[in-house]
Amino acid sequence: MQLNERLQQLREKAGFENAKAFAKSIGMPYSTYSTYESGKSEPKATALVTIAAALHVSVDDLLGYHVDDFDKAAALFHESTGKTATLDESGVTIAPKVGGGVMWTQPISKESFIQAINDAAARFDRNLRPRLLADAIINSVDRAYLKQHPRAKGGKSDDLAAAFQDRLLQILLEGEQKQDTALEKAAYRAYVRDNVSDILDKWHEEHDADATPPAQDHDDADDEKAKEKGPHSNE
């Protein structure tokens, strides 16, 4: 597959229906980007980095210099779930064999395994990533704002933190319900764990730090008055 063909395929997979909309999203003139997809010219290094970042792939993937699709899928599967996918002449065998309600006692085809992982990743990028990122960005800006304006109305509270966590959980569960098979559900959960846990951990750390109560104001004048009155004063 040529670079221009990969560009179109990856763009569509990322949810951009046409090249013009994608060019606008990365701040590139459509007249320039269209030559990349038509094969009339190839992007330079800086343009490759911009395009790859917007499509959530590496430059190597964009250029076609990537590891075997199965190795990549198996690595993501293992890192996220702790399970191992092994390929041999009979197909892909998974261990441990307990899935999301299904016992994986028989091998499945290499193509089916790769497709399940890729489908889960694509659904996450298309449906969940923008919503999760939007919530994370809004809350991050809230924190930055409240540090400069601590008396702002509608400050952060335990109720807000709980509502945010409920919102995240709802989004993740909705995504899982859209998966058709147990294998796709497992792949989806693996992808979510691999990409969301770090964000949530960081959010909790910053939230806990922000929630530390400020030191109480201390009036030195009160101390002076207490000294003047003495320990047995009736005033």
Side-chain angles (χ1 to χ4, degrees), residues 1-81 85 87 92 108-137 171-172 174-176 178-181 183-199:
M1 183 182 293
Q2 300 299 313
L3 173 59
N4 63 308
E5 295 173 322
R6 278 192 298 276
L7 277 174
Q8 181 178 349
Q9 183 184 74
L10 292 171
R11 168 178 59 76
E12 292 174 349
K13 183 179 179 180
F16 294 93
E17 296 182 359
N18 58 72
K20 190 171 185 179
F22 178 67
K24 182 178 180 180
S25 74
I26 60 175
M28 181 180 294
Y30 172 65
S31 57
T32 299
Y33 179 77
S34 62
T35 62
Y36 301 156
E37 283 204 9
S38 66
K40 294 180 180 178
S41 65
E42 293 189 354
K44 295 182 179 180
T46 54
L48 282 172
V49 171
T50 299
I51 293 171
L55 296 176
H56 311 300
V57 298
S58 68
V59 173
D60 283 346
D61 285 336
L62 199 58
L63 294 174
Y65 305 136
H66 55 77
V67 298
D68 180 78
D69 288 342
F70 171 77
D71 291 338
K72 184 186 297 185
L76 174 59
F77 186 67
H78 176 70
E79 290 169 8
S80 303
T81 69
L87 178 64
V92 178
I108 64 171
S109 70
K110 172 184 175 180
E111 292 75 17
S112 296
F113 177 78
I114 294 173
Q115 189 65 47
I117 299 296
N118 290 343
D119 285 349
R123 288 192 182 101
F124 177 85
D125 285 336
R126 183 173 61 252
N127 299 327
L128 295 180
R129 185 178 182 279
R131 296 163 66 184
L132 289 171
L133 185 59
D135 283 339
I137 287 175
I171 292 172
L172 295 175
E174 287 176 358
E176 183 177 354
K178 292 179 181 179
Q179 313 308 312
D180 297 326
T181 67
L183 182 59
E184 289 180 348
K185 289 179 185 294
Y188 169 85
R189 288 194 295 270
Y191 192 83
V192 168
R193 280 194 296 270
D194 187 56
N195 289 272
V196 176
S197 60
D198 290 343
I199 297 175

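What you see below is based on every heavy atom in this structure, not just the backbone, and it leaves out hydrogens, waters and symmetry mates. Just so it is clear, the structure is predicted and the values come from calculations on it, not from any experiment.
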Pairwise distance CD1(Ile108) to CZ(Phe113) - rounded to 0.5 angstrom: 6.5 Å
Tyr33 side chain reached by Ile51 side chain, heavy atoms, under 4.5 Å: yes
Ile114 CD1 to Phe77 CZ distance, which is reported to the nearest 0.5 Å: 13.0 Å
Point-to-point distance, once rounded to the nearest 0.5 Å, from CG of Asn118 to NZ of Lys72: 8.0 Å
From Leu55 atom CG to Asp61 atom CG, the distance as rounded to the nearest 0.5 Å: 10.5 Å
Close side-chain approach of Pro43 to Leu3, heavy-atom, < 4.5 Å: yes
Least distance between heavy atoms, Met28 atom then Ala47 atom: CE-CB, 4.1 Å
Expected output: side-chain Thr50 to main-chain Thr46 donor-acceptor under 3.5 Å: yes
Donor-acceptor contact below 3.5 Å, side chain Arg126 vs main chain Ala14: no
N/O donor-acceptor pair under 3.5 Å between Ser38 side chain and Ser34 backbone: yes
Sidechain N-carboxylate O distance under 4.0 Å for Glu37, Arg11: yes
Centroid-centroid distance, Tyr30 to Phe22, less than 6.0 Å: no
Point-to-point distance, once rounded to the nearest 0.5 Å, from OH of Tyr36 to OG of Ser41: 5.5 Å
For Gln8, side chain to side chain donor-acceptor pair (under 3.5 Å) partners two or more places apart: Glu12
Smallest separation among heavy atoms of Ala85 and Ala74, with atom names: O-CB, 4.1 Å
Interatomic spacing from CG in Asp69 to NZ in Lys110 - rounded to 0.5 Å: 7.5 Å
